[in-house]
Structure formats: structure tokens, C-alpha cells
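These figures come from a predicted structure and were not determined experimentally. Each ligand, and each atom within it, is numbered from 1 in the order the structure gives. For this chain, numbers begin at 1 and follow the sequence in order.
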Amino acid sequence: MRIARFTTGGDPQYGFVQKEGGKKYRAVITGDPLFMKANPTGERIPLDDWDGVGEESASAVRLLTPVIPRSKVVCVGLNYIDHIREMGHDEPTQPVLFLKPNTAVIGPDDPIVLPEWSDEVSYEVELAIVIGRICKDVSEENALKYVLGYTIGNDVTARDAQRADGQWARAKSFDTACPLGPWIETDFDFENAEITSRVNGEVKQHSNTAQMLFNVPYLVSYISAAMTLLPGDVILTGTPAGVGRIDVGDVVECEIEGIGTLRNPVLRATA
Ligand code: MG
């Protein structure tokens, strides 16, 4: 099941993205399915593109980030072997964690705004886990009971600030540094999914979630041993090799097989 959050010009609404008779549509529901029982309103909004790219251009309906993280986005720094090598690090024996604030989150087609203090901002396609229940000290065996579903994240990073600062807070937490979307997929094979990023249509990263050093149940369990995860919190699970710079006018697409494509244009902040 795919849960989308969208606007037709007013308050955000939620809907289940469904197929029927070859046509795709959003079945509008009442409230936020993360926090209350979902009741269909009976309204259906057509959906032209199942993959989430380019669907809204001709209509007044616009996809929003499928979730505003309730308290935090927990990120895993080094989780694909090829990316660890390209960054010149040793293979970690346990996950390297950092946080992004929910103020960094944007949705599909929202612009990534390059901060004026950075000349080297990079994309990082990542599988995003959306937590569905309060989660603390859970075992790997029980971890998936706390996962609502999965979406796509872009761990946008000011690489020059990351090197200069030592701590990663500024480099990875600036406004617009956490695109999420296009929707939450609840039926997803996290053990074997192609993961790809493109800039202006050119493939930059291409790997498979099977290449993760630490898998989804391990990460949920490991993080929950340190901090309480709330419904709507998000875990970004690390990026494969091929990270690189983006500039004004670029369009970044992050795609994960079985979920869809998250697309964002790139702008520059002006003083
Ligand atoms: Mg990352």
C-alpha cells in the first residue's frame, strides 16, 4: 500500500495510492494515518504517473513530503561498502549515527536550496524507514513491527562544511537538506531493491539495498537501544558510492525499485 500526502491548495490531505481497472488514483482518507484510523472519504483523485515523477504538472494536486518527522531523522553515515571506500574510511564495526532536524525536510519537487556558505553540496540517495509505533529497546526479531513503511530520502550534504566542521550538524541539517518522498510504501522488499540517483538524467549512483552493511531490523534495534523512536520519525539508511556535487539549475532524481522516484530541483540562496 502506498500512502501519499498531498495538497489541492488547502490543508494537507492523505490518500492511499491505488490501481483499479488499469487506472491509478488516490483514495482520499480522513486525518493522518500515522496517528488515527484511516477512513476513506469516498473521494478519488486521478493519478497519472505511478512512479511519482511529473504527475502533477497539469493539475492543481501537489504531492507533499509523506511524513513530517515527529521528533527526528536518524541517519546512518557509512552503510554501503563502496561508499565507505570512496570516502576513504575503514569499514565500521557498528553504525555511525547522526541526526537531521525536521526543519530540513522538504517534499517531492520542492527545491533544494544551496546555502551561500557552501560551494560543494552533494546528493545522497537513501532508503528511508518510517517508524509507525513508539519504539525503544526492541530486538532485531521484533523490529519490523515498529516500521510503518518506507520512502526515499536524499541526505543532502555540504561536503566542504562536513570536512571543515568535524561535527556534521551544519553540513547535513540546513533547511532543505532532507527531501523525502514521493510516498510511503508499506509493502517493500528492503533486502533486494535497486537504488539509483540521477542528476539531469545522468546516473550517478546505482547499487542495491542488499549491499547494506547493517540491515533494516538491525538499524531499528540498534538505534532504539539509544533513543526512543516516535511514530513519524524517519531513519535514513546510508548511501551507495557515486556521491557528487550539485549546482544551480540541476534536477536530482532518487529512485528505489518498488517505491518510486523522488525529484527535486536545485536553487541557490541569495543573501
Ligand atoms: Mg548519507
Side-chain angles (χ1 to χ4, degrees), residues 65 67 69 72-92 94-106 112 114-115 118 120-131 150-181 190 193-199 203-216 218-220 222-223 226-227 229 233-246 250 252-256 259 261-262 264 266:
T65 177
V67 59
K72 55 200 166 292
V73 180
V74 186
C75 306
V76 181
L78 299 164
N79 200 22
Y80 286 78
I81 299 293
D82 49 3
H83 178 59
I84 294 166
R85 291 199 182 115
E86 78 173 345
M87 299 300 285
H89 292 285
D90 293 328
E91 203 174 298
Q94 55 188 21
V96 178
L97 302 182
F98 61 95
L99 301 174
K100 280 178 187 273
N102 55 15
T103 47
V105 171
I106 57 174
I112 297 165
L114 306 176
S118 175
E120 190 186 353
V121 174
S122 178
Y123 52 84
E124 292 188 0
V125 61
E126 308 204 2
L127 173 66
I129 305 167
V130 181
I131 297 297
Y150 303 84
T151 188
I152 303 166
N154 187 349
D155 175 18
V156 179
T157 302
R159 200 70 71 195
D160 45 1
Q162 185 182 25
R163 282 192 299 267
D165 292 0
Q167 296 286 325
W168 299 354
R170 184 173 68 131
K172 286 176 171 287
S173 300
F174 60 87
D175 292 355
T176 76
C178 191
L180 294 175
F190 60 81
E194 298 287 306
I195 178 167
T196 306
S197 69
R198 292 181 292 273
V199 177
V203 173
K204 298 291 187 181
Q205 296 176 279
H206 183 225
S207 187
N208 190 291
T209 57
Q211 299 300 313
M212 281 186 190
L213 203 53
F214 306 106
N215 68 14
V216 169
Y218 182 87
L219 289 173
V220 172
Y222 182 84
I223 294 166
M227 63 189 92
L229 293 165
D233 280 351
V234 170
I235 298 170
L236 295 188
T237 57
T239 200
V243 298
R245 189 173 158 175
I246 47 175
D250 288 344
V252 186
E253 289 175 308
C254 296
E255 180 173 0
I256 296 180
I259 300 177
T261 301
L262 169 66
N264 299 92
V266 181

### Task
Could you give me the CA-CA distance, side-chain angles and deciding distance for Glu253 and Lys204, then say whether salt bridge (Lys or Arg N to Asp or Glu O under 4.0 Å) is met?
CA-CA 10 Å; Glu253 289 175 308; Lys204 298 291 187 181; over 6 Å; no
Side-chain heavy atoms of [X] within contact of [Y], under 4.5 Å:
X	Y	value
Val96	Val76	no
Ser207	Tyr80	yes
Arg159	Met87	yes

### Query
Do any protein N, O or S atoms sit under 2.8 Å from the Mg ion (ligand 1), and which ones are they?
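Sorted hits: Glu124 OE1, Glu126 OE2, Asp155 OD2.
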### Listed partners of Thr65 passing side-chain hydrogen bond (donor to acceptor under 3.5 Å, both in side chains), at least two apart
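If we apply the side-chain hydrogen bond (donor to acceptor under 3.5 Å, both in side chains) test to Thr65, skipping adjacent residues, there are no hits.
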### Message
Any carboxylate oxygen within less than 4.0 angstrom of a Lys/Arg side-chain nitrogen, looking at Glu91 and Arg85?
### Response
no
